[in-house]
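Naming: A, B, ... by sequence-line order, numbering from 1 per chain. The figures that follow rest on heavy atoms only: side chains count, while hydrogens, waters and symmetry mates do not.
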Number of protein chains: 2
Amino acid sequence: MTADASAAPRRAGRPLEMVLSRTRITAAALALITTEGYGGFTMSSLARTLKVAPSALYNHVSSKQEVLQWLEDHVMTMVDVSGFGSEPWDDAMRRWAWSYRDVFARHSPLVPLVAVLPVTGAPETLKMYETVAVGLAGAGVPVETIIPAIVAVESFIFGSALDANAPADIFDTGELADSSPTFTAAVLGQDRSTGERPADVAFQFGLEALLAAVPATRPGPDA
Amino acid sequence: MTADASAAPRRAGRPLEMVLSRTRITAAALALITTEGYGGFTMSSLARTLKVAPSALYNHVSSKQEVLQWLEDHVMTMVDVSGFGSEPWDDAMRRWAWSYRDVFARHSPLVPLVAVLPVTGAPETLKMYETVAVGLAGAGVPVETIIPAIVAVESFIFGSALDANAPADIFDTGELADSSPTFTAAVLGQDRSTGERPADVAFQFGLEALLAAVPATRPGPDA
DNA sequence: ATCCGAAATGACCGGTCGTCATTTCGCGGA
DNA sequence: TCCGCGAAATGACGACCGGTCATTTCGGAT
């Protein structure tokens with residue numbers, strides 16, 4: 001369809017040389033966002049880091065959305081699925097879910113896009129799904145519950161990724177404290193003995209609840 | 001801080017009359033978004049429906065974000081918390097969670113904002129939290145687990161609200177089907193006998209899992 | 001030597017949020 | 001009764017955004 005990863009430079013001449021391609025654009029976008037954040041990510045700035053006019057990008061990309069979708073698919077490769085095939089299925093899921101959440105907590109603006117992005121055109125994402133599906137199937141999870149289980153865990157992960165970016169004082173009731181005594185007490189009564197961030201203990205709680213509900217019959221590939 | 005709900009008109013004269021206020025702006029924003037969707041929601045269009053110049057809005061609002069935050073707090077009043085105090089705690093939670101998801105599925109662009117919005121300045125949201133917290137406390141849930149439980153369920157709800165807007169064919173693997181046989185089989189093997197939408201069965205699955213993990217000692221206020 | 005076509009260019013468009021100096025006008029105090 | 005204060009609307013404007021399009025450049029194949 002569009003471009004290719006290889007493409008060895010032939011000479012040192014100015015133009016030609018496959019200046020723009022899906023992989024180069026994606027890499028530049030990732031680098032730009034890593035240093036400047038999503039606020040500073042514009043088609044102009046992206047073109048600037050690629051030493052190219054903004055309009056040149058549109059010879060390879062149909063919209064900014066598409067760049068973000070490429071980026072999202074690439075970011076998905078950072079999710080750790082190494083547990084599947086080498087750990088009990090639930091440990092593999094834990095490793096997967098935590099790293100999944102961490103990655104998208106760092107890329108929260110991408111979260112609303114995932115829901116819209118079909119797996120076609122997102123090969124890396126599909127690869128991840130396949131790995132997880134194989135892991136669950138291997139654990140004896142019935143076929144018809146694999147997708148609901150994945151979707152439920154994934155939804156929880158996305159919501160938690162957004163939550164991880166919440167300011168620490170988000171539940172400070174301030175002057176409205178006396179109109180919400182029970183909630184205020186609950187906020188103050190959180191267990192702060194362990195050093196874990198509140199978002200992490202909530203994620204831990206929810207993840208274990210979801211894993212406990214997955215009907216697996218076997219412990220995993222080699223546990 | 002800003003404006004007030006009452007404010008009775010005095011005459012039919014052109015100006016004066018409390019043209020703009022938090023409640024009127026919020027109501028207009030909701031009406032506009034209901035008819036035009038979030039894509040058509042701009043400060044200009046909002047001003048137009050209020051028969052006012054766009055810049056006039058900035059005498060009452062510091063940014064578009066703030067309008068959206070007002071809107072979000074208002075939307076929260078549409079969430080059904082009527083179960084708390086009249087049903088067993090878990091039924092109340094079910095009613096709450098489902099309506100919560102439905103409301104924000106219809107207002108998914110607001111989801112990324114909730115994570116950032118402190119409860120101060122969002123009194124309706126705080127009211128909802130208080131009701132839920134009272135319900136959980138009344139069910140004997142230990143104080144220190146109330147917040148993690150709420151946050152976990154809420155994160156799951158937000159993720160599911162995004163997921164509910166996914167296109168039906170999001171998991172169509174298309175031409176990449178043979179590179180992901182297990183996942184493709186799982187997609188095809190979903191239980192389609194019941195008429196439920198896939199997003200709904202995933203939500204059902206996840207919600208029950210989370211509720212089962214909430215350590216309640218009493219059934220509820222009057223069950 | 002010539003032509004083709006991929007790819008970069010720069011001007012340009014419509015629209016966005018937000019700012020600012022200025023004006024309007026009702027109301028309360030003298 | 002008059003006046004002036006201040007809240008609130010105005011419209012022009014700025015900076016920037018994503019995206020389009022006609023034009024140009026230039027390497028490689030014929």
Side-chain angles (χ1 to χ4, degrees), chain A residues 1-4 6-26 28-29 32-33 36-71 109-110 112-113 116, chain B residues 1-4 6-26 28-29 32-33 36-71 109-110 112-113 116:
Chain A
M1 197 70 63
T2 326
D4 172 296
S6 43
R10 277 180 162 272
R11 273 205 302 158
R14 203 54 19 71
L16 187 59
E17 195 111 348
M18 196 60 75
V19 186
L20 266 18
S21 69
R22 169 159 177 167
T23 58
R24 273 186 46 87
I25 291 175
T26 305
L32 183 57
I33 280 167
E36 306 289 336
Y38 280 88
F41 176 67
T42 71
M43 294 301 269
S44 300
S45 64
L46 177 59
R48 201 178 314 127
T49 72
L50 285 165
K51 313 244 186 207
V52 136
S55 53
L57 291 170
Y58 289 89
N59 287 324
H60 305 264
V61 158
S62 65
S63 69
K64 184 183 184 180
Q65 262 245 344
E66 190 171 22
V67 177
L68 290 172
Q69 289 176 351
W70 289 356
L71 181 65
L110 295 182
L113 263 91
V116 182
Chain B
M1 196 69 67
T2 325
D4 172 292
S6 40
R10 278 182 160 269
R11 272 204 303 158
R14 204 50 20 74
L16 186 57
E17 195 112 348
M18 194 61 73
V19 186
L20 266 17
S21 67
R22 168 160 178 166
T23 60
R24 271 186 46 87
I25 290 175
T26 305
L32 183 58
I33 280 166
E36 307 289 336
Y38 279 87
F41 175 67
T42 71
M43 294 301 269
S44 298
S45 64
L46 177 58
R48 201 177 314 126
T49 72
L50 286 164
K51 313 244 187 208
V52 137
S55 53
L57 291 170
Y58 289 88
N59 287 326
H60 305 264
V61 159
S62 65
S63 70
K64 184 183 184 180
Q65 263 245 346
E66 189 170 22
V67 177
L68 289 172
Q69 289 176 352
W70 289 356
L71 181 66
L110 296 182
L113 263 93
V116 182

By side chain to side chain contact (heavy atoms under 4.5 Å, CB included), S55(A) pairs with (sequence neighbours left out) A53(A)
For Y58(B), what residues pass the ring-ring contact (aromatic ring centres under 6.0 Å, His included) criterion, not counting sequence neighbours?
none
Output all residues satisfying side-chain hydrogen bond (donor to acceptor under 3.5 Å, both in side chains) with T49(B), sequence neighbours left out; order by chain, then residue number.
none
Considering all heavy atoms of both residues, which atom of L32(B) and which atom of G40(B) are nearest to each other, and what is their separation?
CD2-O, 4.5 Å
Filtered N/O pairs between nucleotides 4-6 of chain D and protein, under 3.5 Å:
none

K51(B) NZ to dT10(D) C1', straight-line distance once rounded to whole Å
17 Å
Starting at the 5' end of nucleotides 16-22 of chain C, put B wherever the base has a protein heavy atom under 4.0 Å, S where only the sugar-phosphate does, and a dash everywhere else.
SSBBB--
In whole angstrom, what separates L57(B)'s CG from dT10(D)'s C1'?
12 Å
Going by the rule side chain to side chain contact (heavy atoms under 4.5 Å, CB included), which residues pair with P54(B) if we only count those two or more places apart in sequence or in a different chain?
S44(B), A47(B)
Applying side chain to side chain contact (heavy atoms under 4.5 Å, CB included), can you list everything that pairs with S63(A), at least two apart in sequence or on another chain?
Q65(A), E66(A)
Rounded distance (Å) that lies between atom P of dC17(D) and atom CG of L46(A)
12 Å
Could you grab the distance from atom CD1 of I25(A) to atom CG of L71(A), nearest 0.5 Å is fine?
12.0 Å
Whole angstroms only, please: what is the CG-P distance between L50(B) and dT10(D)?
11 Å
note: N59(A), atom CG; dT24(D), atom P; distance rounded to Å ~ 16 Å
For atom CZ of R48(A) and atom P of dA8(C), their distance in whole Å:
18 Å
Any H60(B) side-chain nitrogen or oxygen under 4.0 Å from OP1 or OP2 of dA9(D):
yes
Just wondering, do L57(A) and L50(A) contact through their side chains at under 4.5 Å, heavy atoms?
yes
